Novice: 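Before I ask anything, here is the structure I am working with.
Just so we're clear, the structure is a prediction, and the values are computed from it rather than from any experiment. The chains referred to below are lettered A, B, ... by the order of the sequence lines, with proteins before strands, and numbering in each begins at 1. Keep in mind that the numbers below use all heavy atoms, side chains included, and drop hydrogens, waters and symmetry copies.
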Amino acid sequence: MNERRVTLADVAKKAGVHVTTVSLALRDHPRLPAATRSRLQLLAREMGYAPDPFLHALISYRGRSAPQRTAPTLAYLTNWATRWGWRETTAHPDFFAGAKAKARELGFELDHFWLREPGLTQGSLSGVLRERRIHGVIVASHGREMGDALALDWEQFAAVKIDYFPHQPVLHNVTNHQCDIVRLAVQKAMAAGYRRIGFVMHRGWDHAVDRLWSAGLLCEQQNLLPKERIPAHLFPPAKPVERWFNENNAPVEVDLAPFERWLDRYQPEVLISKSSFVLPALKRLRRRVPRDISFVDVFLEDTSGATAGVRQNYEAVGALAVEQLAGQLQQGQRGVPEIPTTTYVEGTWFDGASCPSLIERSAP
Amino acid sequence: MKSENNRRVTLADVARKAGVHVTSVSLALRNHPRLPEATRQRIQALAKAMGYAPDPFLRALIAYRGKVMPRRNRPTLAYVTNWSTRWGWKKAAAHAMFFAGAEAKANDLGFQLEHFWLHEPGFTQKRLGRILYARGINGVIVASHGREMGDQLQLDWGNFSAVKIDYFPHQPPLHNVTNNQCSIVRLAVRKVRAAGYRRIGFVMHRGWDFSVDNNWTAGFLCEQDLLPARDRMPIHLFPELHPVERWMNETDPMPQVDEEPFAAWLKKYRPEVILSKGAYVRPALERLGVRIPQDVKFVDLFLEPDGGRTAGVRQNHDTVGGVAVEILAAQLHHNKFGVPEIPTTTFVEGTWFAGESCPSNP
């Protein structure tokens, strides 16, 4: 190899194809047969071809964008029981807002598609997206009861999933770091002098995040004495499954009687949970926060200092999904990845009056 | 986004309104550290108010014309390690592959990757920052930091985009990429349960678990929680908790279990299958006359696939290195510098391989 840089034209000449074909092959474009792509990729590598990363961007600009003056569109694909049902929940509206803002910042449009739209099927959706020249898809807000597979013509698309559902295909995904968030909460409670730490979580919500709430709690409990470890109070009870599995009918408050039994039996000094799960029940049971029991919210919304807890940064999840998708499009990656990755967004801790430090209180 | 008469708002429009040169607007919108922060914010706010939105492909063109035309060399990314010796990390399989994967991906994307060792004679963290800046290197991969090397890395982060591989150093909290230890051990437990085993033992080096934020422990306990209480056995972490220095400062890339406590754990809990790393337990099992798979089954969580003899999970270390470079390239592309306000962790999944060391339980 002499000093001159190997160009696309050199590769094309050697392969006996047009330079456009080489360019398509190196971007792994699905328009070429897979065999042709791998043959040309191999040849380019043998000849020592390496792209200039910025020239690469120029090629994608000239080749794809110049004729179309409107902002390219990304699809935001949801699969809830109703078109906008996910907007009434925790987290999901913020995922979308974060994705939308980041898309705009990067110069994309973000269009919402509902998989249950009358007349739309998983089969016809690929065609609809192709017709609209949409190559990038965010998969988000899939109800647990909506089936666990999404069959698009994945070769055509770059895709990123928010959260865990559907599990198939295994796409790159982005989500909140539940495991780390509950660990952070337990560590803060321990640092404030608490030893009897109770964790209350919705069974369906734990299931939906691959039980990473449970994982984080169990891991941190290793730092407590065995007699101080309180089992997580998951609600509702394991049976009937439908009561916690179905996203739409699932209760969002603990059942009073089993919750009270658990409180009496284990006597937690502090509860780690979500306000709406436990605060109404605590009120009915006449247990005052923080006089009778301290409280840490791992879905903290009010960061004024009244409540201690972890803010989950949902917008950052949505924004990051768009950033990753833009990167994939930039680098010409499409299809289901061979080795998938999960990107977790950290939570942010806030001190609050609901969980005062026991150490400061007992200090002289 | 369009202005009122439907014409697209351009950089020139923003520049005219702000009374600055168009280059300043371009720098401000790329959040380039060369402009004072106040100026950047003022121009960014103005552009936003005027409804300016970049064309993502045009942005790539600007990046191309503005930065690359004058220089024909491939841009360089720094790969900064902090091991006790310059190349010591290359003897640890995972670390050597992190680098190989990062280097391959860098070449793939048209960068070159250059290794810097923080303990180079005469080097300080401060000096490294100056050298990188002087050489026009603004992308940094932080990797292979020994646990005993201190937990802080102080560069002038505002000048750099950076991604960390693995967990050390913890400060500053940069975006990081690592193997999904939690998911890898969970995958292994699910596979051996599906194969019919119930008494599942897990053996891990205490320092290795510590250095991945106890994510091995987290994953194992989470899956074990689904087993009947009588089948749950405690994790065998070695060496023993005290003295801390023994596991905290482990520099041997191939540590082994202490035979006596390991034998006691085996005898007490009688696992049907052991999840661990071959190098940890195989020599001790051999000395104790415990055969795989006749006496105990074995699943290697650090599998180097050997043609179906050993079952286990291959950790895709080279992908970790590759993903770190991909994330760094995207950050550079969007001109994101400095320590992120909300850091993220990207975990790479492992890949399961069936093997004779853990056959299906009849």
Novice: Taking C-beta and beyond as the side chain, do Ile342(B) and Val345(A) meet within less than 4.5 Å on heavy atoms?
Specialist: yes

Novice: Relative to chain A, which segment of Val348(B) carries a heavy atom at a distance below 4.5 Å: side chain, backbone, both, or neither?
Specialist: both

Novice: Taking atom CZ of Phe210(B) as the centre, does the number of heavy atoms from other residues, nucleotides or ligands within less than 6.0 Å exceed 12?
Specialist: no

Novice: Passes side-chain contact (heavy atoms from CB on, under 4.5 Å), Asp225(B) versus Arg211(A)? Steps please.
Specialist: CA-CA 10 Å; Asp225(B) 200 42; Arg211(A) 304 183 54 252; 3.6 Å; yes

Novice: Within the distance-only criterion (no hydrogens, no angle test), does the side chain of Arg186(B) pair as donor or acceptor with the backbone N or O of Asp210(A) below 3.5 angstrom?
Specialist: yes

Novice: Looking only at heavy atoms, which two atoms of Cys179(A) and Asn215(B) are closest? And how far apart?
Specialist: SG-OD1, 4.4 Å

Novice: Rounded to the nearest 0.5 Å, how far apart are CG of Asp180(A) and SG of Cys182(B)?
Specialist: 10.0 Å

Novice: Any side-chain heavy atom of Gln222(A) within less than 4.5 Å of one from Thr217(B)?
Specialist: yes

Novice: Hey, does Val170(A) have a side-chain heavy atom less than 4.5 Å from the side chain of Glu349(B)?
Specialist: no

Novice: So how far is it from Tyr344(A) OH to Asn176(B) CG, rounded to the nearest 0.5 Å?
Specialist: 12.5 Å

Novice: Which atoms of Thr345(B) come close to chain A, meaning under 4.5 Å heavy atom to heavy atom: side chain ones, backbone ones, both, or neither?
Specialist: both

Novice: Got Asn214(B) and Arg183(A) here, is their nearest side-chain heavy-atom distance under 4.5 Å?
Specialist: yes

Novice: Would you call Glu346(A) and Thr344(B) a side-chain contact if the rule is heavy atoms closer than 4.5 Å?
Specialist: no

Novice: Relative to chain A, which segment of Asn316(B) carries a heavy atom at a distance below 4.5 Å: side chain, backbone, both, or neither?
Specialist: side chain

Novice: Does Gln112(B), at its CD atom, have more than 12 non-hydrogen atoms belonging to other residues, nucleotides or ligands within less than 6.0 Å?
Specialist: yes

Novice: Would you say that more than 12 heavy atoms from the other residues, nucleotides or ligands in this model lie under 6.0 Å from the CZ of Arg45(A), or not?
Specialist: no

Novice: Look at Thr348(A), Thr342(A), Thr341(A) and state which one has the largest set of heavy-atom pairs under 4.5 Å with chain B.
Specialist: Thr342(A)

Novice: Is it the backbone or the side chain of Leu320(A) that comes under 4.5 Å from a heavy atom of chain B, or both, or neither?
Specialist: side chain

Novice: Go through the side-chain N and O atoms of Gln328(A) and Glu326(B) and say whether any donor and acceptor fall under 3.5 Å apart.
Specialist: no

Novice: State whether Glu105(A) and Lys48(B) are salt-bridged, where the test is any N-O pair (Lys NZ or Arg NE/NH1/NH2 against Asp/Glu carboxylate O) under 4.0 Å.
Specialist: no

Novice: Got a sec: does the NZ of Lys105(B) have more than 12 other heavy atoms crowding it under 6.0 Å?
Specialist: yes

Novice: Mark yes when over 12 heavy atoms from residues, nucleotides or ligands other than Glu304(B) sit less than 6.0 Å from its CD; otherwise mark no.
Specialist: no

Novice: Given a strict heavy-atom distance threshold of 4.5 Å, which part of Gln333(A) is in contact with chain B: side chain, backbone, both, or neither?
Specialist: side chain

